[in-house]
Engineer: 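First the structure, which I've put down as structure tokens, then a few questions once you've had a look.
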Amino acid sequence: MSRYNAREVEPKWQTAWADAQVFHAKIDRTKPKYYVLEMFPYPSGKIHIGHGRNYVMGDVVARFKRAMGFNVLHPMGWDAFGMPAENAAMEQKTHPGKWTYANIATMKEQLKILGLSIDWSREFATCDPTYYKHQQKMFLDFERLGFVARKEANVNWDPVDHTVLANEQVIDGRGWRSGALVEQRKLTQWFFKISDMAEELLSALGDLDRWPDKVRLMQRNWIGKSEGARVTFELSDPKYGSLEVFTTRPDTLFGASFCAIAVDHPIAQEMAKTDTSLVSFIAECKRQGTTEAAIETAEKMGFDTGLKAKHPFIAGATVPVYVANFVLMEYGLGAIFGCPAHDQRDLDFARKYGLPVIPVVVPKGQDPKAFAVGTEAYIGDGLLANSGFMDGMNVDDAKRAVIKKLEAMGAGTGTITYRLRDWGVSRQRYWGCPIPMIHCDHCGVVPVRDEDLPVTLPDDATFDQPGNPLDRHPTWKNVDCPSCGKPARRETDTMDTFVDSSWYFARFCDAQAPGPTNKEAVDYWMPVDQYIGGIEHAILHLLYARFFTRAMRKAGYAGVSEPFAGLFTQGMITHETYKDQDGKWLFPEEVEKRDGAVVKRGSNQAVTIGSIEKMSKSKKNVVPPEAVADTYGVDAARWFMMSDSPPERDSEWSESGIEGSWRYVQRAWRMVNESAPHLPGFGSVAPDGFGHEALAIRQVTHRTIAAVTEDLDRFRFNKAVARMYEFVNALSDFKPVSEADQWALREALETLTVLMNPMVPHLAEECWQVLGGETMVVHTPWPKADPALTRQDTVTIAIQVNGKRRDEIDVAKDSDPKAVEAAVLAMESVVKAIDGKPVKKVIIVPNRIANVVV
RNA sequence: GCCCUCUUGGCGGAACUGGUAGACGCAACGGACUUAAAAUCCGUCGUUCGCGAGGACGUGCCGGUUCGAGUCCGGCAGAGGGCACCA
């Protein structure tokens with residue numbers, strides 16, 4: 001018996017699919033459409049098997065839906081702009097484009113090994129001018145429609161390299177190359193006004209019912225709607241006018257003991273002009289870093305400006321105004337009032353600077369005079385005290401009352417704010433889509449004319465020093481003003497790569513469209529029915545794409561508002577890590593397990609086994625797909641990736657695991673190959689009547705169809721795989737005798753082949769051929785379970801006495817509960833367990849369980 | 001700091017909306033076949049008591065609700081993820 005030879009079989013079928021253009025998608029209105037998309041890859045170099053899970057998962061869905069009769073679109077492209085290319089250019093003295101396209105070529109070959117059902121005719125890379133020119137066009141349209149703004153924002157600035165750093169390039173507050181302390185610096189930058197759509201993006205989340213709840217919650221929190229009030233405090237020095245703060249707790253206004261403003265607040269900036277100690281305080285705060293985690297975990301610091309704010313309700317009372325590091329200019333109004341008794345952060349601040357702590361909300365049933373706040377702020381509900389007109393109200397009523405009063409006095413209004421900030425898209429880097437704007441000394445900022453697009457990147461940029469190569473390019477930025485014709489300068493910022501990935505799914509609908517999109521194709525294919533990718537994109541990418549799709553709709557490029565009707569976030573593939581005696585990482589293939597010890601291959605050097613981590617180049621715990629395909633075949637790898645771990649969880653790659661999958665492939669092949677010669681002809685008609693054995697195997701077959709169909713539909717690939725194992729185990733035990741048995745076996749083996757096709761498509765084609773199939777299995781419709789065969793006539797119900805399992809009994813399905821009760825009480829095991837005690841009651845859950853309570 | 005997730009045998013995991021805990025796979029062990037090995041096949045496989053029939057215990061820890069809790073509620077512990085210029 002010859003073994004299944006994946007190395008020969010797999011390329012053969014891949015060629016057959018390609019020759020027949022099976023995966024070439026066309027608009028076909030006679031079928032329901034299904035658009036399945038995996039988040040497209042960044043071409044970082046080579047793929048490892050860890051990248052494969054995402055694509056294989058999408059491929060299983062695509063092949064399953066195709067068999068179910070859908071017109072499937074399953075494209076692939078490259079998210080090709082980004083920092084790694086520019087870093088590589090600096091380190092390897094090459095061009096980012098050259099590096100990127102070389103990576104794309106390599107990775108495309110590797111992806112093809114996986115046998116994915118992709119329509120490669122739609123492939124594109126976002127770094128290609130034929131893609132980004134459309135992005136520039138849409139940027140200009142968005143600008144005309146008022147979705148674009150230009151304003152100041154902070155960046156991480158490396159004072160030695162004179163360059164802007166990404167958060168990931170800031171390590172412990174220092175630049176990753178220079179080691180210099182990073183500062184925050186303000187730059188005027190381009191923004192998409194996503195915050196204008198905050199409410200829409202928030203409320204539409206409710207309709208995304210095929211998204212994980214977790215992701216919707218993360219987006220909800222990210223948008224961060226809060227209801228509260230703006231309150232105006234008059235200031236002691238009229239030079240600074242008044243101070244407007246935002247609060248979600250206007251009810252605690254009588255407990256205010258200070259106001260705090262952000263370091264970027266106009267009042268702080270104005271005062272800093274004449275106060276050198278404030279200047280140094282601000283500088284100190286600016287070394288903190290821009291991430292929320294850095295700001296939140298930093299020690300709370302305040303600078304007393306000496307200004308006093310007059311309490312809106314208490315005549316003659318004032319509170320000090322501080323500049324504080326924990327107040328963000330980007331959120332609310334960049335100014336707060338502090339009520340230490342009912343906010344932990346305010347309390348910490350008040351204790352540090354010796355400010356009063358006045359409780360104004362007292363838990364119900366406690367005496368307001370005796371209630372005091374120690375080291376923990378009271379944030380719960382209760383009744384107002386020490387609060388004038390609000391005394392005795394609960395928190396919600398007090399909020400309403402105080403807003404009404406503030407509005408009547410002209411000292412404030414009820415308002416809603418969002419945590420969501422506008423999307424800053426400017427990047428001071430070369431390898432991105434140029435922002436099509438021109439700066440003219442006479443006309444200001446002028447858009448590039450549509451007919452002058454694309455603004456392409458110059459090929460002769462230099463990467464030998466840090467900073468933006470576009471900015472220091474000798475000629476590129478010199479251009480005549482489209483408005484007045486005088487010499488002007490191009491914008492040298494490029495777009496955030498998240499812009500590139502915010503509309504690629506729409507471009508895939510017609511990758512050759514002369515404009516940004518082909519509206520007809522977009523209307524047919526969009527939204528993406530099933531989007532698949534990592535949870536790390538739960539917020540930014542997915543929110544930006546939702547915003548961008550809305551903007552595209554308003555600009556006439558799309559007919560939908562939501563890009564992704566269904567979302568699945570899959571787990572990563574992990575692998576053990578290995579280090580040699582010098583502490584250097586080792587590739588798994590450099591490691592050998594010998595006599596129970598782990599050693600460096602071909603030596604006796606001991607190897608330390610490290611933790612199990614996400615496959616990554618840096619830790620070398622990667623396995624190349626070519627090696628797996630050579631040794632076990634791609635189908636074994638695909639099978640392994642779908643088995644064991646549920647798809648949303650991480651899954652560990654192991655040698656024994658892939659061997660187990662290889663055994664499955666061999667076993668399925670052997671079973672089909674050994675049985676085929678004895679089976680009745682393909683498509684032959686079943687003989688009349690079935691023996692018990694044949695009927696049983698038919699029941700198993702149809703129950704497997706029902707179960708696997710449901711599991712695949714619900715993304716439970718691991719369970720679908722387990723079902724297939726059970727099916728194969730049942731078939732192994734089946735010894736056909738009669739003609740009816742042979743016919744039942746043929747039906748079972750054909751079913752097995754079609755059911756496993758989404759996971760192991762090459763093996764399935766080969767089995768199908770052996771079974772006598774005339775067309776490829778890729779063209780074969782999914783089987784339907786026959787309800788007459790999946791129906792259960794008898795059920796086994798468990799029998800408990802006082803909740804403890806004592807026995808079980810087979811009864812007809814949907815038996816009369818009274819009859820079941822009588823049968824149960826008569827059972828010897830039950831009588832013994834009751835031990836003569838009186839029966840209090842009997843609980844019968846139909847078809848499931850009986851519980852006798854004594 | 002804030003937000004979120006996870007915790008079931010030696011391991012990955014299964015158990016539909018509270019109803020027989022451990023499907024399926026991996027590893028391990030015993031056996032068959034073989035000169036031998038590989039492959040394959042048969043069997044055992046949560047802990048514990050018992051010759052056996054069978055019993056007791058068991059889903060991170062403590063408590064609660066319920067006839068019944070891996071599942072629901074409260075508290076605690078541990079591990080992991082996200083936090084706006086990585087993609």
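Quick note on labels: first sequence line is chain A, next is B, and so on, each numbered from 1.
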Engineer: Please work out if A:W222 contacts a base, only the sugar-phosphate, or nothing of the nucleic acid, heavy-atom cut-off 4.0 Å.
Structural biologist: base
Engineer: Which nucleotides of nucleotides 17-30 of chain B have their base under 4.0 Å from a protein heavy atom (B), which only their sugar-phosphate (S), and which neither (-), written as one string 5' to 3'?
Structural biologist: --BBS-BSSSS---
Engineer: Tell me the interatomic distance from A:E86, atom CD, to B:C86, atom P, rounded to whole angstroms.
Structural biologist: 14 Å
Engineer: Can you tell me how far P in B:C11 sits from the matching atom in B:A28, rounded to whole Å?
Structural biologist: 15 Å
Engineer: For A:K352, what residues pass the salt bridge (charged side-chain N to carboxylate O under 4.0 Å, His left out) criterion, not counting sequence neighbours?
Structural biologist: A:E299
Engineer: Which nucleotide, in any strand shown, forms a Watson-Crick or G-U wobble pair with B:U59, with both distances under 3.5 Å?
Structural biologist: none
Engineer: Could you work out, with salt bridge (charged side-chain N to carboxylate O under 4.0 Å, His left out) as the rule, every residue matching A:K719, not counting sequence neighbours?
Structural biologist: none
Engineer: Rounded to whole Å, how long is the line connecting atom CD of A:Q219 with atom P of B:C83?
Structural biologist: 14 Å
Engineer: What's the closest nucleotide to the A:F498 side chain, out of B:A87, B:C85, B:G13?
Structural biologist: B:A87
Engineer: Between the protein and nucleotides 57-59 of chain B, which nitrogen or oxygen pairs are less than 3.5 angstrom apart?
Structural biologist:
from, atom 1, to, atom 2, distance (Å)
B:C57, OP2, A:K804, NZ, 3.3

Engineer: If you check every side-chain atom of A:R806, which of B:C42, B:G55, B:C86 has the closest atom?
Structural biologist: B:G55
Engineer: Give me each pair satisfying salt bridge (Lys or Arg N to Asp or Glu O under 4.0 Å) with a member in residues 649-658 of chain A, each pair once, sequence neighbours excluded.
Structural biologist: none
Engineer: What nucleic acid atoms does A:Q189 come within less than 4.0 Å of, heavy atoms only: base, sugar-phosphate, or nothing?
Structural biologist: base
Engineer: Counting C-beta onward and ignoring hydrogens, is there a side-chain heavy-atom pair between A:T188 and A:R150 closer than 4.5 Å?
Structural biologist: yes
Engineer: To the nearest angstrom, how far is A:R670 atom CZ from B:A38 atom C1'?
Structural biologist: 13 Å
Engineer: Pairing check on B:U5: which nucleotide meets the Watson-Crick or G-U wobble criteria with it, both distances under 3.5 Å?
Structural biologist: B:A79
Engineer: Once you apply the 3.5 Å cut-off to both distances, tell me the Watson-Crick or G-U wobble partner of B:A27, or none.
Structural biologist: none
Engineer: Taking only residues two or more places apart in sequence, or in another chain, which ones meet A:D496 in a salt bridge (charged side-chain N to carboxylate O under 4.0 Å, His left out)?
Structural biologist: A:R427
Engineer: What are the atom names and distances for every N/O pair under 3.5 Å that joins the protein to nucleotides 2-7 of chain B?
Structural biologist:
from, atom 1, to, atom 2, distance (Å)
B:C3, O2', A:N221, ND2, 2.8

Engineer: From OH of A:Y418 over to C1' of B:A84, roughly how many Å is that when rounded to an integer?
Structural biologist: 19 Å
Engineer: With sequence neighbours excluded, what pairs up with A:Q800 under the side chain to side chain contact (heavy atoms under 4.5 Å, CB included) test?
Structural biologist: A:I849, A:N851
Engineer: Round to a whole Å and report the spacing from CG of A:N802 to P of B:G55.
Structural biologist: 15 Å
Engineer: Would you please name every residue forming a side chain to side chain contact (heavy atoms under 4.5 Å, CB included) with A:Q344, sequence neighbours left out?
Structural biologist: A:L347, A:D348, A:E376, A:A377
Engineer: Between B:U7 and B:U20, how far is it from one C1' atom to the other, in whole Å?
Structural biologist: 24 Å
Engineer: For A:E536, answer base if it contacts any base atom (sugar-phosphate contacts may also be present), sugar-phosphate if it contacts only those atoms, and nothing otherwise; contact means non-hydrogen atoms under 4.0 Å.
Structural biologist: base
Engineer: What pairs with A:E648 under salt bridge (charged side-chain N to carboxylate O under 4.0 Å, His left out), at least two apart in sequence or on another chain?
Structural biologist: none
Engineer: Tell me every residue that passes side chain to side chain contact (heavy atoms under 4.5 Å, CB included) with A:K617, counting only those two or more places apart in sequence or in another chain.
Structural biologist: none
Engineer: Roughly how many Å apart are B:A79 and B:G30, using the C1' atom of each and rounding to a whole number?
Structural biologist: 37 Å
Engineer: So what's B:A15 paired with, Watson-Crick or G-U wobble, going by both distances under 3.5 Å?
Structural biologist: none
Engineer: Taking only Lys NZ, Arg NE, NH1 and NH2, and the carboxylate oxygens of Asp or Glu, determine whether A:K151 and A:D422 approach each other closer than 4.0 Å.
Structural biologist: yes
Engineer: Does A:R216 have any side chain to side chain contact (heavy atoms under 4.5 Å, CB included) partners at least two apart in sequence or in another chain, and if so, which?
Structural biologist: A:L205, A:L208, A:W211, A:D213, A:R220
Engineer: Is any side-chain N of the basic residue among A:R429 and A:E86 closer than 4.0 Å to the acidic one's carboxylate O?
Structural biologist: no
Engineer: Sticking with atom P, work out how far B:G31 lies from B:A36, rounded to a whole angstrom.
Structural biologist: 14 Å
Engineer: Reckon A:P41 touches a base, only the sugar-phosphate, or nothing at all at heavy-atom distances under 4.0 Å?
Structural biologist: nothing
Engineer: Using a cut-off of 4.0 Å on non-hydrogen atoms, how would the nucleic acid contact of A:Q428 be classed: base, sugar-phosphate, or nothing?
Structural biologist: base
Engineer: Do A:E710 and A:R714 sit within salt-bridge range, that is, some charged N less than 4.0 Å from a carboxylate O?
Structural biologist: yes
Engineer: Take atom C1' in B:U8 and the same atom in B:G13, then report the distance between them in whole Å.
Structural biologist: 9 Å
Engineer: Which residue lies toward the 5' end of RNA chain B, A:P84 or A:L420, if each is placed at its nearest nucleotide?
Structural biologist: A:L420
Engineer: Write down the distance between CD1 (A:I573) and C1' (B:G12), rounded to a whole number of angstrom.
Structural biologist: 13 Å
Engineer: Using a 4.0 Å heavy-atom cut-off, does A:H541 contact any base of the nucleic acid, only the sugar-phosphate backbone, or nothing at all?
Structural biologist: nothing
Engineer: Please classify the glycosidic conformation of B:G64 as syn (within 90° of 0) or anti (everything else).
Structural biologist: anti
Engineer: Which is more 5' along RNA chain B, the nucleotide nearest A:W662 or the one nearest A:K300? Just name the residue.
Structural biologist: A:K300
Engineer: Students often get this wrong, so: under 4.0 angstrom with heavy atoms, is A:S426 touching a base, only sugar-phosphate, or nothing?
Structural biologist: base
Engineer: When rounded to the nearest Å, what value does the distance between P atoms of B:U48 and B:G43 take?
Structural biologist: 24 Å
Engineer: In whole Å, what separates the C1' atom of B:A56 from that of B:C2?
Structural biologist: 47 Å
Engineer: Can you tell me how far C1' of B:A87 sits from CD1 of A:I535, to the nearest Å?
Structural biologist: 15 Å
Engineer: How long is the line joining OH of A:Y544 and P of B:A87, in whole Å?
Structural biologist: 12 Å
Engineer: Does a side-chain N or O from A:R427 land closer than 4.0 Å to OP1 or OP2 of B:C85, or not?
Structural biologist: yes
Engineer: In this structure, is the centre-to-centre distance between the rings of A:W423 and A:Y544 below 6.0 Å?
Structural biologist: yes
Engineer: Are A:K186 and A:D264 close enough for a salt bridge, meaning some N to O gap below 4.0 Å?
Structural biologist: yes
Engineer: Write down the distance separating the C1' atoms in B:G70 and B:C83, rounded off to the nearest Å.
Structural biologist: 32 Å
